[in-house]
**Student:** 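Provided herewith is a single structure, encoded as structure tokens, for subsequent inquiry.
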2 protein chains.
Amino acid sequence: MAIKERKERERQDMRNLIIDSATQLFLKQGYDKTSIRTIAEDIEYSPATIYLYFKDKDEIFYVIHENAFAILDKQFRKHDAIENPFDRLIAVCKTYVKFAMDNPDYYDLMFIMRAPLSQIKSEEKWDAGECAFEYVLDTIAACLDANLIKPVDKYVLAISVWSFGHGLVSLYVRERLSVMEMPDDMMLTMMESSVNFFLENLRV
Amino acid sequence: MAIKERKERERQDMRNLIIDSATQLFLKQGYDKTSIRTIAEDIEYSPATIYLYFKDKDEIFYVIHENAFAILDKQFRKHDAIENPFDRLIAVCKTYVKFAMDNPDYYDLMFIMRAPLSQIKSEEKWDAGECAFEYVLDTIAACLDANLIKPVDKYVLAISVWSFGHGLVSLYVRERLSVMEMPDDMMLTMMESSVNFFLENLRV
DNA sequence: AAATATAATAAACAGTGTTTAGTAAAAAAG
DNA sequence: CTTTTTTACTAAACACTGTTTATTATATTT
């Protein structure tokens, strides 16, 4: 029964077609403006067809969410070659910030939006996200082992580093830093100083 | 022409009626589930009437947004009595975190959601928000003047402190810290340790 | 009392996510 | 090879959303 396998393959192809279209539209117009109907129009199928391949809109964006984490995780692991764990931590932090600034819509889906989280709760698998987080955690643990940073619980430090980075970029992408009434290039310089200040403060 | 004044008073009353209803519904069900129609139903007017008093849904939530900042600002200024500026900074940070945890929907509107910002851009007045931010900025400046914390540009430090606090609470309220797979009470302890670690690290 | 201005609304518009019922085409069974 | 069954798809509808328009009833002014 090779037919069953072909059908399964065709099913995956269709899922990929939907995801690819959704991703492209999402990165162009954002989540809210990417409706099931616009995706359907783009792939030249009826809106109802999409529901034969995905439970709901959130499931589609959960897949995109996972893909985005895989991209970030890959960028993190490019720093494997850096021997000194604190230098690696610095590189990872800067990569995190750069990723957010370069891909604000992905960042939204990954760390700000409530939407695709409904999927996670049920399945309890945050795969790519956990992977990226563990990379940071391991790097922090290595820093602590090598006495490169002030002694503190590694989870506390992980929360601290992540919170700092996330706070910085999410205030920026959601335009809250505009209270400071600063030209954008000056703001970006300030943000970089802020990252450096935070990281240097961790040193023993 | 006392009629004109009465009319203006009635207009304000109606605006308040709408805002009060919207606020109550918003704090109970969140932004998305608070529709113009549910507000209209609650105040026993037709949906179209609301548009005679507010340009759009965002304008309503911009008023709530301002009120929320006024509440936060008031809570900040309760710490005026604290003489030592660094102690004051610590108190302000803890108040910020507590405010977010106690009022996640307000916090959403103030610091996370994109919705009510459309209003701000046009009018360029962030009144209550600027006020609260300046309180933090002044406290930080006082810390620096008194040589209580490591020397650094006050704006850089303000961004750092705010980013850290915002990152921490927004990752929590948007359930991203769940990757750590920790019981909630443990998470809250970790978060408090994280705040303490961050603030103590600022000391000279 | 008549003319005008104001306040409120019913109904519609254009959009959303999602479901249901019905139709062709493909696969399996006789 | 024909008949039955399963699969893939879609048109249309449902229940919402924010917002606008045309109309009516009320209040104010002339």
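By convention in this document, chain letters (A, B, ...) are assigned in the order of the sequence lines, proteins followed by strands, and residues within each chain are numbered from 1. Being a predicted model, the structure only gives us computed values, none of them experimental.
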**Student:** Looking for any heavy atom pair under 4.0 Å, which part of the strands does B:R11 touch: base, sugar-phosphate only, or nothing?
**Tutor:** nothing
**Student:** Taking any heavy-atom pair under 4.0 Å as a contact, classify A:D56: base, sugar-phosphate, or nothing.
**Tutor:** sugar-phosphate
**Student:** Can a side chain N or O of B:S46 be found less than 4.0 Å away from OP1 or OP2 on C:dA8?
**Tutor:** no
**Student:** Where the side chain of B:R6 is concerned, which of D:dC9, C:dA26, D:dA27 is the nearest nucleotide?
**Tutor:** D:dA27
**Student:** Any donor and acceptor pair, going by atom type alone, linking the side chain of A:E200 with main-chain N or O of A:N196 inside 3.5 Å?
**Tutor:** no
**Student:** Can you confirm if the aromatic rings of B:Y107 and B:F99 lie within a centre distance of less than 6.0 Å?
**Tutor:** no
**Student:** Heavy atoms from C-beta onward define the side chain here; which of D:dT10, C:dA26, D:dT28 lies closest to that of A:K7?
**Tutor:** C:dA26
**Student:** Side chain of A:Y51 only, heavy atoms from C-beta on: which candidate in C:dA26, C:dT6, C:dG17 is closest?
**Tutor:** C:dG17
**Student:** Ignoring the backbone of A:A48, work out which of D:dA27, D:dT10, D:dT17 is nearest its side chain.
**Tutor:** D:dT10
**Student:** What nucleotide, of D:dA8, C:dA10, C:dT18, holds the atom closest to the side chain of A:Y53?
**Tutor:** D:dA8
**Student:** Closest approach to the side chain of B:I36, judged atom by atom: which nucleotide of D:dT19, C:dG17, C:dA26 is it?
**Tutor:** D:dT19
**Student:** With heavy atoms under 4.0 Å as the rule, sort B:F54 into base, sugar-phosphate or nothing.
**Tutor:** nothing
**Student:** Counting the atoms with a prime plus P, OP1 and OP2 as sugar-phosphate, which does A:T49 contact under 4.0 Å by heavy atoms, base, sugar-phosphate, or nothing?
**Tutor:** base
**Student:** Between D:dT17, D:dA27, C:dA8, which nucleotide has the shortest distance from any of its atoms to the side chain of B:Y45?
**Tutor:** C:dA8
**Student:** Could you check whether B:S163 and B:S160, counting side-chain N and O atoms only, form a donor-acceptor pair closer than 3.5 Å?
**Tutor:** no
**Student:** Is the gap between the ring centers of A:F111 and A:Y96 under 6.0 Å?
**Tutor:** yes
**Student:** Nearest heavy atom decides the nucleotide; on that basis, is A:E44 or B:K55 closer to the 5' end of DNA chain D?
**Tutor:** A:E44
**Student:** Got a donor-acceptor pair under 3.5 Å from the side chain of A:R37 to the base of C:dG17?
**Tutor:** yes
